[in-house]
Participant: 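Have a look at this one.
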Amino acid sequence: MSSLWEYANPRKFMATSAFLLPWTAGIAAVCLVTGLVWGFFFTPDDFRQGSTVKIIYVHVPAAIMAINAWFMMLVTSIIWVIRRHHVSVLAAKAAAPVGMVFTLIALATGALWGQPMWGTWWEWDPRLTSFLILFLFYLGYMALWEAIENPDSAADLTSVLCLVGSVFAVISRYALLFWNQGLHQGATLSLDREQNISNVYWYPLVITLAGFGFLFIALVLYRTRTEIRARRLKALIAQERMA
Amino acid sequence: MSLSVTDLACARGPAQILAGVTFSVAAGQALILRGPNGAGKTTLLRTLAGLTPPLAGTIEADPDAIAYAAHADGLKSALTVEENLAFWASVFGTHDPAPAIEAFNLAPLLHRRAGEMSAGQKRRLSLARLLVTGRPVWCLDEPTVSLDVENVARFAAAVKAHLAGGGSAVIATHIDLGLPEAATLDISRFVAKQIRADDPFADSFAEGAA
Amino acid sequence: MMPDLGTYSVPVLSSYAVSLGLLVAVVVASIWKARRVRARLEEVESRRGRAT
Amino acid sequence: MIGLLKRDLTLAIRAGGGFGLSLAFFLIFTTLVPFGVGPQTQILAEIAPGILWLGALLACLLSLDRIFQLDWEDGTLDLVATSPVPLEGLAAMKALAHWITTGLPLVAAAPVLGLLLNLPGPAYPWLMASLALGTPALSAIGTFGAALTVGIKRGGLLLSLLVLPLYIPTLIFGALCVARAATGQDATTPLVLVAGITAGALALLPFAAAAALRVNLR
């Protein structure tokens, strides 16, 4: 009986990820190139925002994936806490820098977009600010991993931090709404999308979103492979020291 | 109160240190642990104390029966001898500190701050804590460090009194404590240093053949 | 070929530049780290292979 | 467990315990603000709620790394962990002791510093209420952060990096409460939210701190 948990075995994960990696990376490259080229060269300007609307193709997918990356880290951390699957927590470790870069992209493009639209580089808008806080959470999570020598202790402590941090991230989100009503436009992607965005912008956006998603999966697979090797390396060095 | 250990495997960090540790200490008995530096005496005692979870095997003893004493004295230098003992008495539920003061001759030092005492005096205070805990199974890590001959004898007398009262003790030490009836266990035969067995990275996961 | 970005060419172009730059940076960093770890692991594994 | 609290308070008062350091920091921080932003009383009055809350928060942060570090270094933490006191109880007592030695003096000192910053009159009761209800959350969150980093040498900076983002909601609601009261608006809602965060933090974080301690003691 095959089960999902088999992939938590490092050997099995290495085999499966070796198979998946070229596919996900390939799909990511195709989607990113198609979506960004389409979005940049072949979409009309918005009547109100002008050509800045083109920023949407990097800003929105990066923002969505920045949050999804943290959510994935939360899930894999919980799996580690409950079922002690090493690969799970190493995947969380591998995802953190990728999520942080996505957050940074969302912040930077948000600032560049805000400058012509709102007349200021940085606006303490609830959405922008929550991404800044998310960025701080990523930094803290990664710093804690780096600071602890024993890999299993580091896994446990970062998982606890990820859990507690997630709760506080949600509270911060609501606190920020209370704190400042904000200038940011409403969610770009929602079920009643017809009201927010027309098809000309919608199709390339979905493709770039898929591109960012597959890029995230590919990078996490690739970096998890590295983390597994690094963990193996640590085990071997410890073994040599004992011999 | 007895302590019985079967097939215990202990780890320190990523490394398994000991495997197959089996012994039992009946009430009124003491067991001396011997072994070269780094053999794993501290690791074993920390596992017995419940600080480090065992990798395998069973420890048959109520964890609330074990009093642990580590290398570090665990004293607060800003508190007096009396206050240090009173603190531990309150943590372990109120026990009279008088026998502890008596056993280690701490009465003259009672109002001295721990920070102003010598290493040996601190050690005596640290050992007196064991009597305050009121716990029947003592797990002691090098209890006689920095004690002079006279105080080693005091310590041995305290252990004997503890055993006579139905207690038991596991003591890691290099010196002869003067406890002729105590059994001795050389833990070097249990040493099994390797990457812990529950670490999935311990055996090779050859990717292809690399 | 190049679309007319109008007055907003600087923010749009720099958005794309920054985003692509960061993406390339994280990919390159991942590859660099992967290579380094892999090389060190192979070195240790081969040392072990000889020993046993 | 009361013994733990009593001991921590005694240690804080004795020489070298650091009692009052946070308070002094709060004083200096608040005194420096007018040098930075200028002596105009309207400006000071306007930013006073935020400055006072920020000062209290930083003063709390300053003493966090002492919460478990000293007990860890001298071996007391090992011995308490093997005692009948549960680690959850230890974490809760440590947070309480930290609050009594840090948070409570800050609450008492805040109105005086409010005068220095020309804080409007109606805001004083709200300043004290929000600090009294909010600083326990700062202590509880800080204890959790201290438990995470107890095994790390020179973990003080890391501790700040981990704890500061967790302080954001408390800071927002606390400062907002005082700011609203200062401008004559209704400040009840933010005060209730501060109390809510504190209640949640006190109920849940000792368990997270105990879990972190257990990992660090292994």
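The figures here come from the full heavy-atom set of this structure, side chains too, leaving out hydrogens, waters and symmetry mates. In what follows, chains are A, B, ... by sequence order, proteins preceding strands, each numbered from 1.
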Participant: Just wondering, do A:Trp38 and A:Ile207 contact through their side chains at under 4.5 Å, heavy atoms?
Facilitator: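 Contact flag for A:Ile207/A:Trp38 side chains = yes.
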Participant: Using heavy-atom distances under 4.5 Å, tell me whether A:Leu104 contacts chain C through its side chain, its backbone, both, or neither.
Facilitator: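 The answer is both parts of A:Leu104.
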Participant: Does some side-chain heavy atom of C:Leu13 sit less than 4.5 Å from a side-chain heavy atom of A:Phe40?
Facilitator: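 Yes; the side chains approach each other to less than 4.5 Å.
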Participant: C:Leu20 versus chain A, heavy atoms under 4.5 Å apart: side chain, backbone, both or neither?
Facilitator: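 The side chain, not the backbone.
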Participant: Say you draw a straight line from CG of A:Leu134 to OG1 of A:Thr129; how long is it, rounded to the nearest 0.5 Å?
Facilitator: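 Going from the CG atom of A:Leu134 to the OG1 atom of A:Thr129 covers 12.5 Å.
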Participant: What part of A:Ala230 gets within 4.5 angstrom of chain C, counting heavy atoms only: side chain, backbone, both, or neither?
Facilitator: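 Both parts, backbone and side chain.
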Participant: Please confirm whether the backbone N or O of A:Ala66 pairs with a side-chain atom of A:Tyr138, one donor and one acceptor, at under 3.5 Å?
Facilitator: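 Present.
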Participant: If you count heavy-atom pairs within less than 4.5 Å of chain C, which of A:Leu112, A:Leu219, A:Ile237 leads?
Facilitator: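 Result: the option with the highest number of such pairs is A:Leu112.
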